[in-house]
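For reference, the structure is listed below as structure tokens.
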Amino acid sequence: MAVDVLLGLQWGDEGKGKIVDYLAPNYHVVARFQGGPNAGHTLEFEGKKHVLHQIPSGIFRENIQNIIGNGLVIDAIVFQKEVLSLDKYAINYRKNLFISKKAHLILPSHKLLDAALEQAKGNQKIGSTLRGIGPSYQDKIGRMGLRVGDILSPYFQQKYNQLVQNHKIWLDYLQYDSSSLQQTEPLFWEAIDFLKTLNIVDSEYLINQAINQNKKILAEGAQGSLLDIDFGSYPYVTSSNTIVAGALTGLGFAPRHVREVFGIFKAYCTRVGEGPFPTELKDETGEKLRKIGNEFGATTGRKRRCGWLDLPALKYAIMLNGVTQLFMMKVDVLNTFEQIKICTHYKLPNGEITDQIPYDIHLAIEPVYQTFEGWYTEIKHIRQFEQLPTQLLTFVQFIEQHVGIPITLISVGADRAETIFR
Ligand code: GDP
Ligand code: IMO
Ligand code: MG
């Protein structure tokens, strides 16, 4: 029937995993379309907490096909661990999980290259998750990459050796020690054998068959729109299209099948890694957001930088994605703030006030804020929109009016149940 796309409107970690898991029972298929093990999507339900990296967040719901699309880059070693960690939940991944033959592989040498390239950049490093994402996508675009379907070929080992030989030349040039490959390669081959036992499919056919059979599909984004390779704060971005267009190329369906675009954002902002962040708070307020919001990376454990909600950036992401509904997350984190700020415009060094994102990422942007009174009460238990405190309703209304898209979901806690659907 149609595909709904859920994607992050900020710099990732908006709470995509929680909401995909929450919405999944309404769908027949949940599919990831880009990224790889750089993602960390956290699910909490019935007192359990689980972080997914490459597996779609519909995996905990029964009778849903979970598809890993062609747009991903997959680390087989991480994947094996990730899949096996589902055993304790008795999930039937042999039946419910499908991997595209056209997804690219992250080799152990890609991870070394990621580290070597970051090291070479010195203080201009991206702050990559060091999961091999950039180098693997580089080989994909350079038409040298290895794909999941290749592991079924008798020539796979030969192709692998060729590519790794290439990588070693690079690593030597960058003076980066590649001796650890001796330890990781056996794990890689074991993981490839494991991967061969799972459902490796032509996922574009699977998706289009589902569409033709009137099934409902939810496409799950990774990272966030401000990390998009084309529209993010380049070069401080990830190496894939994180916006809605990435869902089409990363799964192989036509634009006319897109129905809703759910844009998910936090009631404030966070960013991991380097790069511009106009509303960043480097003071005790930022520290308070980090502490209450538990803002530490789900993949790397790094401290997330924290700041106020940035509406020019949010509007930009809404525009790029054609968002039809907004989901606002982690609203409870603001419960104990007397005053809450929202950046509505930027003041540029030449004095110009704008609500557009300037091309030059090095500009010293000064955020123009509007201040709101906090609600100063616990809201985790609330399940009805109308029961939210009036100050929070004012906050919601202001954002809706400013961006022109309705906020239809409000998240008041990390648990699946702590969700208000309007
Ligand atoms: P994702 O990458 O977009 O899936 O988000 P992450 O899982 O990396 O980060 C979101 C974090 O916030 C996780 O630890 C979630 O458990 C948590 N979380 C999600 N929604 C809420 C919420 O409404 N309130 C609070 N306090 N935590 C939340
Ligand atoms: P989820 O799906 C937050 C950031 C990294 C770095 C930049 C490039 O959990 O929201 P990469 O490893 O992709 O080369 O890193 O992108 N980054 C994320 N930040 N959430 C993510 O994923 C991220 N994936 C990558 O911190 O700044
Ligand atoms: Mg995350």
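Both ligands and their constituent atoms are indexed starting at 1 by order of listing. The residues of the chain are indexed from 1 along the displayed sequence. All values below come from the heavy atoms of this structure, side chains included, with hydrogens, waters and symmetry mates left out. Predicted model, so just to flag it, every value in this text is computed and none were measured.
Using a 4.0 Å cut-off between heavy atoms, Val51 makes no contact with ligand 1 at all. At a 4.0 Å heavy-atom cut-off, ligand 1 does not touch Lys49 at all. Only the side chain of Ala298 comes within 4.0 Å of ligand 1, judged by heavy-atom distances. With a heavy-atom cut-off of 4.0 Å, Lys18 touches ligand 1 through its side chain alone. In Arg304, the part holding a heavy atom less than 4.0 Å from any atom of ligand 1 is the side chain. Both the backbone and the side chain of Thr42 come within 4.0 Å of ligand 1, counting heavy atoms alone.
For Arg271, the heavy-atom gap to ligand 2 stays at 4.0 angstrom or more.
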> side-chain contact (heavy atoms from CB on, under 4.5 Å) between Phe60 and Tyr89: does it pass, once the steps are laid out?
Replying inline: CA-CA 8 Å; Phe60 285 92; Tyr89 302 100; 3.6 Å; yes

>> Show, in sequence, the C-alpha distance, side-chain angles and deciding distance for Phe337 and Trp375, and conclude whether the ring-ring contact (aromatic ring centres under 6.0 Å, His included) test is met.
In response: CA-CA 8 Å; Phe337 286 77; Trp375 39 93; 9.2 Å; no

>> For a side-chain hydrogen bond (donor to acceptor under 3.5 Å, both in side chains) check, start with the C-alpha distance between Thr419 and Lys18, then their side-chain angles and the critical distance, and finish with the verdict.
In response: CA-CA 10 Å; Thr419 311; Lys18 169 185 161 164; 3.0 Å; yes

> Should Lys266 and Thr270 be marked as a side-chain hydrogen bond (donor to acceptor under 3.5 Å, both in side chains) after you check the CA-CA gap, both sets of side-chain angles, and the distance that decides it?
Replying inline: CA-CA 8 Å; Lys266 283 181 197 172; Thr270 63; 2.9 Å; yes

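Using a 4.5 Å heavy-atom cutoff, the side chains of Lys315 and His402 are in contact. The shortest side-chain heavy-atom distance between Ile192 and Phe156 falls under the 4.5 Å cut-off. Counting heavy atoms from C-beta on, the side chains of Trp308 and Cys269 never come closer than 4.5 Å. Contact annotation: the side chain of Tyr27 approaches that of Leu23 to within less than 4.5 Å [non-hydrogen atoms, C-beta and beyond].
When the heavy-atom distances from atom 6 (P) of ligand 1 to Gly35, Gly17, Gly40 are ranked, the shortest goes to Gly40. One option in Gly12, Gly40, Gly224, Pro37 has a heavy atom closer to atom 9 (O) of ligand 2 than any other, and that option is Gly40. Scanning Val272, Thr270, Leu130, Leu227 for the heavy atom closest to atom 18 (C) of ligand 2 points to Leu227.
At least one N or O atom of His41 sits closer than 3.5 Å to an N or O atom of ligand 2. Distances between N or O atoms of Lys380 and those of ligand 1 include no value under 3.5 Å. Between Gln223 and ligand 2, at least one pair of N/O atoms sits closer than 3.5 Å. Polar contact check, Glu14 against ligand 2: no nitrogen or oxygen pair lies under 3.5 Å apart. Taking distance alone, with nitrogen or oxygen atoms compared against 3.5 Å, Thr238 approaches ligand 2 more closely than that limit. Considering backbone and side-chain N/O atoms, Gly134 never comes within less than 3.5 Å of an N/O atom of ligand 2. Considering backbone and side-chain N/O atoms, Gly15 comes within less than 3.5 Å of an N/O atom of ligand 1. Backbone and side-chain nitrogen or oxygen atoms of Gly413 are examined, and one is located within less than 3.5 angstrom of a nitrogen or oxygen of ligand 1. Between Arg131 and ligand 2, no pair of N/O atoms sits closer than 3.5 Å.
Of all non-hydrogen atoms in Ile243 and Asp228, the two that sit nearest each other are N-OD1, 3.4 Å. When every heavy atom of Ile318 is checked against every heavy atom of Leu9, the shortest pair comes out as CG1-CD1, 4.1 Å.
When hydrogens are left out, the protein atom nearest atom 12 (O) of ligand 1 is Lys330 NZ, 2.9 Å; that is the closest non-hydrogen contact. At the top of the distance list for atom 7 (C) of ligand 2, counting protein heavy atoms only, stands Val237 O, 4.0 Å. Of all protein heavy atoms, the one closest to atom 23 (O) of ligand 1 is Ser411 OG, 2.5 Å. Residue, atom and distance of the protein heavy atom nearest to atom 10 (C) of ligand 1 are Asp13 O, 3.7 Å. Protein heavy atom nearest atom 20 (N) of ligand 2, with residue, atom name and distance: Asp13 OD1, 3.1 Å. Remark: minimum distance from atom 5 (C) of ligand 2 to any protein heavy atom is reached at Gly127 O, 3.6 Å. The protein atom (non-hydrogen) at minimum distance from atom 15 (O) of ligand 2 is Ser128 CA, 3.5 Å. Distance from atom 24 (N) of ligand 1 to its nearest protein heavy atom, with residue and atom name: Asp332 OD1, 2.7 Å. For atom 12 (O) of ligand 2, the closest non-hydrogen atom on the protein side is Thr129 OG1, 2.5 Å. In this structure, atom 26 (O) of ligand 2 lies nearest to the protein heavy atom Arg302 NH2, 2.9 Å.
A salt bridge links Lys16 with Glu14: the distance from a Lys NZ or Arg NE/NH1/NH2 to an Asp or Glu carboxylate oxygen falls below 4.0 Å.
Among Arg259, His257, Lys216, the one residue that satisfies the side-chain hydrogen bond (donor to acceptor under 3.5 Å, both in side chains) test with Asp4 is Arg259. Among Asp13, Leu227, Asn38, Thr299, the one residue that satisfies the side chain to side chain contact (heavy atoms under 4.5 Å, CB included) test with Val272 is Asp13.
No side-chain donor from either of Arg32 and Ser100 sits under 3.5 Å from a side-chain acceptor of the other.
For the Mg ion (ligand 3), the set of nearby N, O or S atoms under 2.8 Å includes one belonging to Gly40.
Relative orientation of the Tyr160 and Trp189 rings is perpendicular, given thresholds of 30° and 60° on the angle between their planes.
Shortest distance from the Mg ion (ligand 3) to Asp13 is reached at OD1 (N/O/S atoms only).
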